[in-house]
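Have a look at the structure below, then the notes.
The structure presented is a predicted model; accordingly, all values stated were derived computationally and were not measured. Chain A is the first sequence line, chain B the second, and so forth, proteins listed ahead of strands; every chain is numbered from 1.
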Amino acid sequence: MTVRVRFPPAPSGELHVGNVRTAIFNWLFARRHGGTFILRIEDTDQARVVPGALESILEALRWLGLDWDEGPDIGGPHGPYVQSQRLQHYHRYAEQLVEAGYAYPCYCSPERLDEVRKEQQQRKLPPKYDRRCRELTEAQRREFVAQGIAPVVRFKTPADGETVLHDLIRGDVVFDNDTLDDFVLVRADGFPVYHLASVVDDHEMQVTHVMRGDDWLSSTPRHVLLYAALGWQPPAFAHLPMILGPDRAKLSKRHGDTSVLEFREHGFLPEALFNFLGLLGWSLDDHTEIIDRETFIRHFDLDRVLKSPATFNFDKLTWMNGVYIRSLPAEELAQRVQPFLERAIGREVDRDALRRIVPLVQERIKLLTEIADMADFFFVEGELDYSAETLLGKKWADDPAGAAQALGLVIARIDHLSLWEHEPLEAAIRPLAEELGVKAGDLFGLVRVAVTGKTAAPPLFQTMEVLGRQKTLERLRSAEGRLHSRAG
RNA sequence: GGCGCAUUCGUCUAGCGGCCCAGGACGCCGCCCUCUCAAGGCGGAGAUCGCGGGUUCGAAUCCCGCAUGCGCCA
């Protein structure tokens with residue numbers, strides 16, 4: 001049997017990291033077993049459909065490198081892959097269920113259902129439909145039809161017995177049928193409810209494994225019952241542990257920036273997010289943390305999926321992102337970082353210049369966005385923005401004249417260097433510290449602020465090399481000048 | 001309220017009866033390297049394995065209760 005799995009997002013908002021972990025596990029399972037990964041759009045709840053959401057979901061999946069074999073945009077042998085375009089399928093089976101006595105039309109008004117529910121709550125009973133329309137006579141039914149009441153279709157849940165769910169991750173889970181409701185299959189507006197639509201689609205699309213969040217576990221007995229009533233073989237079920245926010249509640253938009261595309265905006269690499277999410281609820285062994293896509297595919301399986309939920313650990317993701325950034329070829333990192341830098345400084349940057357800068361910052365950034373803070377000074381024209389206090393630091397705070405003199409000497413030493421590279425630069429400047437009777441670090445610190453405007457920056461001499469003779473000297477003279485005017 | 005699921009360092013996890021008075025990773029702390037910041041190296045603190053009963057020569061690992069958390073149903 002060849003594996004067929006699906007990922008069914010609702011186009012009601014952006015794809016968030018909790019959902020996408022489910023997509024990753026499904027994708028991995030399909031790729032591991034040479035199976036098919038199906039993308040299906042569950043938009044039967046039309047009121048919740050958000051314009052543009054579908055496109056952004058597809059974009060997020062593509063960004064993470066999750067490709068699908070059948071789906072709304074590419075079609076496939078079991079299309080269409082959008083539920084709102086499949087209504088006739090659901091109606092056909094709903095009718096079949098009614099005719100076979102497994103379902104019935106219900107004409108109860110929302111008001112009546114509300115009253116029933118309230119009364120049950122008062123009597124501390126579980127809220128359940130009281131099944132009043134289950135045994136309507138033909139005459140009563142005709143009467144409702146004559147009144148023009150649009151019915152919902154309800155499933156006739158067995159009053160007793162139990163339904164067993166064989167879950168690949170949690171084992172057998174048993175539900176008493178009397179705790180189940182006569183749930184709605186088709187709403188009054190003719191749209192099917194999730195349970196019907198997903199069962200029908202999973203069957204017609206020949207899905208072999210339903211892997212979804214744990215939050216669906218409680219509704220699965222309904223699905224099992226539906227499969228039986230329709231005379232179908234149910235797929236295998238695997239309920240994945242959920243991802244929690246810092247407050248240990250199911251991760252959602254409420255927890256802030258949880259959308260996949262927002263992670264992209266914040267400078268995370270797709271391969272890092274993929275790695276991190278793939279390790280939430282699954283592990284390769286007792287020590288491997290950095291796992292590339294191919295290794296995931298080679299080893300992923302359900303037997304190492306955990307049962308317990310996992311809290312999303314932002315710090316670890318950030319660390320992992322740094323690992324991936326450091327492992328990138330410089331050329332590639334330059335390419336990835338370019339849009340973030342351009343956005344920060346507000347103009348285009350030259351790729352060749354960036355290529356020379358990247359090696360200096362590569363092991364200093366954990367997020368692509370950090371390129372801005374780390375390298376913007378390379379692109380500043382004219383004066384750098386820093387205070388005299390920053391320039392002088394602790395060492396020179398009481399001796400601006402000394403600092404000015406030191407800068408003057410630095411300038412004199414490097415002004416006419418024949419080779420403007422970091423080694424000769426260092427060879428020219430380092431001995432000066434001893435001559436001045438100051439620690440090398442103190443002299444370098446002064447020069448660093450003069451050249452970069454920052455106290456924390458990439459290595460000084462390489463920075464000077466990349467910055468170039470002209471800009472470096474300009475900045476040193478500017479700093480010297482500021483100190484003179486301050487001292488004077 | 002009913003039903004269901006889960007419970008190992010702060011967090012992600014290893015562990016499937018003796019190798020564990022519990023291993024790895026993130027984070028935290030210290031030291032080293034060092035021109036700052038990082039990266040890297042070394043070391044440290046951190047879990048009576050939710051609690052209580054069993055079973056067993058022996059339990060984080062098996063069984064039963066309880067507690068707590070979460071989810072679903074409206």
> What is the pairing partner of rG27(B), taking Watson-Crick or G-U wobble pairs with both distances under 3.5 Å in any strand?
Replying inline: none
> Rounding to the closest angstrom, what is the interatomic distance between rG30(B) and rC16(B) at atom C1'?
Replying inline: 37 Å
> Reckon Ser219(A) touches a base, only the sugar-phosphate, or nothing at all at heavy-atom distances under 4.0 Å?
Replying inline: nothing
> Touch check for Ile429(A), heavy atoms < 4.0 angstrom, all strands: base, sugar-phosphate only, or nothing?
Replying inline: nothing
> Looking for any heavy atom pair under 4.0 Å, which part of the strands does Pro459(A) touch: base, sugar-phosphate only, or nothing?
Replying inline: base
> Base, sugar-phosphate alone, or nothing: which one does Met374(A) contact when heavy atoms must sit under 4.0 Å apart?
Replying inline: nothing
> Which part of the nucleic acid does Asn313(A) contact within heavy-atom distance under 4.0 Å: base, sugar-phosphate only, or nothing?
Replying inline: base
> With a non-hydrogen cut-off below 4.0 angstrom, is Pro458(A) in contact with a base, only sugar-phosphate, or nothing?
Replying inline: base
>> Within the 4.0 Å heavy-atom criterion, would you say Val449(A) contacts the bases, only the backbone, or no part of the nucleic acid?
In response: nothing
>> Which nucleotide, if any, forms a Watson-Crick or G-U wobble pair with rC73(B), using both distances under 3.5 Å?
In response: rG1(B)
> Ser308(A) has a side chain; which of rC35(B), rU7(B), rC37(B) sits nearest to it?
Replying inline: rU7(B)
>> Please classify the nucleic acid contact of Leu217(A) as base, sugar-phosphate, or nothing, using heavy-atom distances under 4.0 Å.
In response: sugar-phosphate
>> Please verify the inter-ring angle class for Trp282(A) with Phe300(A); under 30° counts as parallel, over 60° as perpendicular, anything in between as tilted.
In response: tilted
> Looking across every strand, which nucleic acid part, if any, lies under 4.0 Å from Lys128(A) by heavy atom: base, sugar-phosphate, or nothing?
Replying inline: nothing
> What does Ala457(A) touch in the nucleic acid at a heavy-atom separation under 4.0 angstrom: a base, only the sugar-phosphate, or nothing?
Replying inline: base
> Using 30° and 60° as the class limits, which term best fits the ring planes of Phe314(A) and Phe263(A): parallel, tilted or perpendicular?
Replying inline: tilted
>> If you take the centroid of each ring, where Trp contributes its six-membered ring, are Phe312(A) and Phe276(A) closer together than 6.0 Å?
In response: yes
>> Do Ile24(A) and Phe274(A) make a side-chain contact, defined as non-hydrogen atoms from C-beta onward lying under 4.5 Å apart?
In response: yes
> With both distances kept under 3.5 Å, what pairs with rU36(B), Watson-Crick or G-U wobble?
Replying inline: none
> Can you tell me how far C1' in rG43(B) sits from the matching atom in rC33(B), rounded to whole Å?
Replying inline: 15 Å
> Considering every strand shown, what is the Watson-Crick or G-U wobble mate of rG46(B) when both distances are under 3.5 Å?
Replying inline: none
> How far, in whole Å, is rC3(B) from rG65(B) if one measures between their P atoms?
Replying inline: 14 Å
>> Students often get this wrong, so: under 4.0 angstrom with heavy atoms, is Gly322(A) touching a base, only sugar-phosphate, or nothing?
In response: nothing
> Picking from rG15(B), rA38(B), rC26(B), which would you name as closest to the side chain of Lys366(A)?
Replying inline: rA38(B)
> Base, sugar-phosphate alone, or nothing: which one does Lys250(A) contact when heavy atoms must sit under 4.0 Å apart?
Replying inline: sugar-phosphate
>> Check the orientation of His223(A) and His195(A). Use parallel for under 30°, tilted for 30 to 60°, and perpendicular for over 60°.
In response: tilted
> Hey, does the side-chain of Ser218(A) have a donor or acceptor N/O within less than 3.5 Å of a partner on the base of rG71(B)?
Replying inline: yes
